[in-house]
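Structure below; questions to follow.
Every chain is numbered from 1, with letters handed out A, B, ... down the list of sequences.
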Number of protein chains: 2
Amino acid sequence: MSKIRVILAEDQAMVRGALAALLNIESDIEVVASVSNGDEAFRAAGQHRPDVLVTDIEMPQMTGLELATRVRELYPVMKIVIVTTFARPGYLRRALEAGASGYLLKDRPASELAEAVRRVHQGMRVVDPGLAAEIWNAEDDPLTERERQILRRAGEGETTAELAKSLRLSEGTVRNYLSEAISKLGAANRIEAARTARAKGWL
Amino acid sequence: MSKIRVILAEDQAMVRGALAALLNIESDIEVVASVSNGDEAFRAAGQHRPDVLVTDIEMPQMTGLELATRVRELYPVMKIVIVTTFARPGYLRRALEAGASGYLLKDRPASELAEAVRRVHQGMRVVDPGLAAEIWNAEDDPLTERERQILRRAGEGETTAELAKSLRLSEGTVRNYLSEAISKLGAANRIEAARTARAKGWL
DNA sequence: CAGGAATTGTGACATCTGTCATGCGGCCGT
DNA sequence: ACGGCCGCATGACAGATGTCACAATTCCTG
């Protein structure tokens with residue numbers, strides 16, 4: 001029986017190495033490449049054509065979610081497992097829309113990783129049970145693209161004036177978007193709004 | 001030759017399991033316990049008396065820095081290695097003050113972990129080279145306790161009025177502290193100030 | 001095509017934020 | 001014991017922020 005061929009994408013070198021070691025212990029799994037960002041992962045996927053791509057979400061160059069989308073388009077048979085720190089319904093939803101077969105949290109026992117790889121390889125879906133329950137009653141993102149963009153940057157300390165200048169909008173318009181976002185999210189100010197949105201995985 | 005006995009403290013189960021696997025591959029190292037927070041780590045340290053304690057910083061119950069301090073007091077021979085995501089000079093400084101013998105980043109190759117464990121066990125110090133250079137010219141925290149406290153909460157979206165009420169201060173006073181903090185950090189507003197302070201490991 | 005949603009804009013207003021000057025009492029170190 | 005920082009406070013002011021009402025344009029959808 002041939003081994004399940006896996007590519008591993010994760011930006012923290014030590015964690016990447018450790019996860020690779022973990023998977024390589026399994027006699028039916030072989031890590032054929034391990035890379036540190038979305039770009040490299042995309043190239044490695046084309047070159048190695050693995051059975052399963054295991055990827056983090058938050059990485060430099062290209063996030064795991066974009067990576068999933070692009071890999072799915074080009075190599076539809078390749079299975080994708082997202083492994084992330086973040087239990088955000090918004091992320092899970094986007095991951096599933098992007099065509100991921102698995103979504104599991106770094107909070108879960110290490111043994112679940114190899115098991116998840118095997119299952120998606122057999123065509124099954126593996127989703128963190130707690131999150132799967134949440135996704136049904138989770139509201140979806142009420143923000144428009146512009147609102148998201150502005151809120152994200154406002155949450156990083158950019159002032160209204162800076163936002164207006166860099167986005168070529170009037171200050172009044174920027175204030176309007178922020179006001180809208182704040183009210184949609186039931187927050188008291190831009191800071192709280194940004195935190196709320198981030199926590200739900202909408203930014 | 002007896003193995004180096006190690007306790008591993010890290011809150012994300014999957015990462016913890018993977019790091020344990022990584023260390024256990026080494027023939028001269030044995031992970032005698034692996035735990036998910038500072039409290040458990042403290043108890044495990046008393047029970048197992050390991051040679052080396054490998055710990056993350058950001059954990060529930062007790063941070064790795066507090067843990068290091070307390071373990072050092074009670075068991076001075078035990079060596080401590082901090083393994084963290086955060087390349088913050090403030091963290092490194094506090095780690096060394098707390099008596100840690102090693103400080104390495106999850107960004108570094110997996111192979112460095114086992115090597116660091118061996119070195120600190122032999123009485124050497126292991127500090128991430130990039131950070132070690134930075135610590136000499138790194139300014140230290142200019143904030144007073146009050147400023148820190150207020151800035152932390154302001155950065156989480158609490159308004160001036162809420163802060164004043166919950167800290168039993170006048171609104172004007174809260175604004176004064178924020179103003180002071182903003183100016184000390186060279187920021188444009190409370191949001192940027194909070195981010196800056198956080199990035200340096202001062203919050 | 002009509003209607004709706006998103007984008008952008010203006011003006012006016014109330015409130016919140018950030019700054020500055022100034023003052024007082026307490027505590028620490030020399 | 002005295003100077004200097006810290007914590008706390010006030011008052012006043014300018015500028016930033018949040019809210020509201022209203023409107024023009026574009027683009028998509030039924």
Side-chain angles (χ1 to χ4, degrees), chain A residues 69 90 93-94 97 138-203, chain B residues 90 93-94 97 139-203:
Chain A
T69 309
R93 163 162 311 195
R94 281 197 265 162
E97 279 165 7
E139 339 88 292
D140 39 321
D141 187 349
L143 302 174
T144 71
E145 191 47 42
R146 250 324 191 208
E147 286 161 359
R148 235 193 312 284
Q149 181 188 26
I150 289 178
L151 188 56
R152 188 181 314 119
R153 299 172 60 166
E156 282 161 14
E158 279 189 65
T159 64
T160 309
E162 286 164 353
L163 283 164
K165 191 168 299 170
S166 78
L167 298 176
R168 317 265 181 104
L169 296 175
S170 81
E171 287 199 29
T173 304
V174 172
R175 289 217 298 281
N176 283 340
Y177 283 129
L178 283 169
S179 181
E180 256 305 297
I182 290 165
S183 111
K184 281 179 178 175
L185 298 174
N189 55 49
R190 52 178 75 191
I191 311 178
E192 204 187 318
R195 286 178 61 88
T196 305
R198 227 179 278 280
K200 305 243 185 188
W202 294 336
L203 288 193
Chain B
R93 162 163 310 196
R94 281 197 264 162
E97 279 165 8
E139 337 89 292
D140 38 318
D141 189 347
L143 303 174
T144 68
E145 190 48 42
R146 256 310 199 219
E147 287 162 359
R148 237 193 312 284
Q149 180 188 28
I150 289 178
L151 189 55
R152 188 181 313 120
R153 298 172 61 166
E156 282 161 15
E158 279 188 64
T159 64
T160 309
E162 287 165 352
L163 283 165
K165 190 168 298 170
S166 78
L167 298 176
R168 317 270 180 100
L169 296 175
S170 83
E171 288 198 30
T173 303
V174 172
R175 290 215 299 281
N176 282 158
Y177 283 129
L178 283 169
S179 181
E180 256 306 296
I182 290 165
S183 111
K184 282 179 178 175
L185 299 174
N189 53 52
R190 53 178 75 190
I191 310 178
E192 205 187 317
R195 286 178 60 88
T196 305
R198 226 178 279 281
K200 305 241 186 189
W202 294 337
L203 288 193

Please report the distance, rounded to the nearest Å, between CG in B:L143 and P in D:dC6. 11 Å
Do the side chains of B:L169 and B:L163 get nearer than 4.5 Å, heavy atoms only? no
Find the distance B:I182:CD1 to C:dC16:P and express it as a whole number of Å. 17 Å
Who passes side chain to side chain donor-acceptor pair (under 3.5 Å) against B:S179, sequence neighbours left out? none
Hey, which of these two, B:K184 or A:E158, hits DNA chain D nearer its 5' end, going by closest nucleotide? B:K184
For the side chain of B:R94 and the backbone of B:G201, is there at least one donor-acceptor N/O pair under 3.5 Å apart? yes
Which whole-number value in Å describes the distance from A:Q149 CD to C:dA6 P? 15 Å
Check: residues 180-188 of chain B side-chain donor-acceptor pairs under 3.5 Å, at least two apart:
unit_1: B:K184; atom_1: NZ; unit_2: B:P142; atom_2: O; d: 3.0
unit_1: B:K184; atom_1: NZ; unit_2: B:E147; atom_2: OE1; d: 2.8
unit_1: B:K184; atom_1: NZ; unit_2: B:E147; atom_2: OE2; d: 3.2

If you take all heavy atoms of A:G155 and B:R195, which pair is closest and at what distance? O-CD, 4.0 Å
Let's see if you get this right: which residues in residues 186-196 of chain A place a heavy atom under 4.0 Å from DNA chain D? A:N189, A:R190
Note: contacts of residues 160-176 of chain A with DNA chain D (heavy atom, under 4.0 Å) are A:T160, A:R175, A:N176
Just how far, in rounded Å, is C1' of D:dA16 from CG of B:L178? 15 Å
Nearest whole Å is fine: how far is C:dT17 C1' from B:I150 CD1? 14 Å
B:R146 has an atom CZ; how far is it from atom P of C:dG26, in whole Å? 17 Å
With B:E171 via side chain to side chain donor-acceptor pair (under 3.5 Å) - residues at least two apart: none
Under the 3.5 angstrom rule, does the side chain of A:R152 hit a backbone N or O of A:L203 as a donor-acceptor pair? yes
Atom-pair distance (CG on B:L185; C1' on C:dG18), nearest Å: 14 Å
Within the pair B:S179 and C:dT17, is there a side-chain N or O less than 4.0 Å away from OP1 or OP2? no
Side chain to side chain donor-acceptor pair (under 3.5 Å) with A:E192: which residues, sequence neighbours excluded? none
Let me know the distance between CD of B:E180 and P of D:dG7, rounded to the nearest Å. 11 Å
Residue-phosphate contact under 4.0 Å: B:Y177 side-chain N/O, D:dG7 OP1/OP2: no
Run the side chain to side chain donor-acceptor pair (under 3.5 Å) test on B:T160 and B:R190 for me, step by step, so that the C-alpha distance in whole Å, both residues' side-chain angles and the decisive distance to 0.1 Å come before the verdict. CA-CA 11 Å; B:T160 309; B:R190 53 178 75 190; 3.0 Å; yes
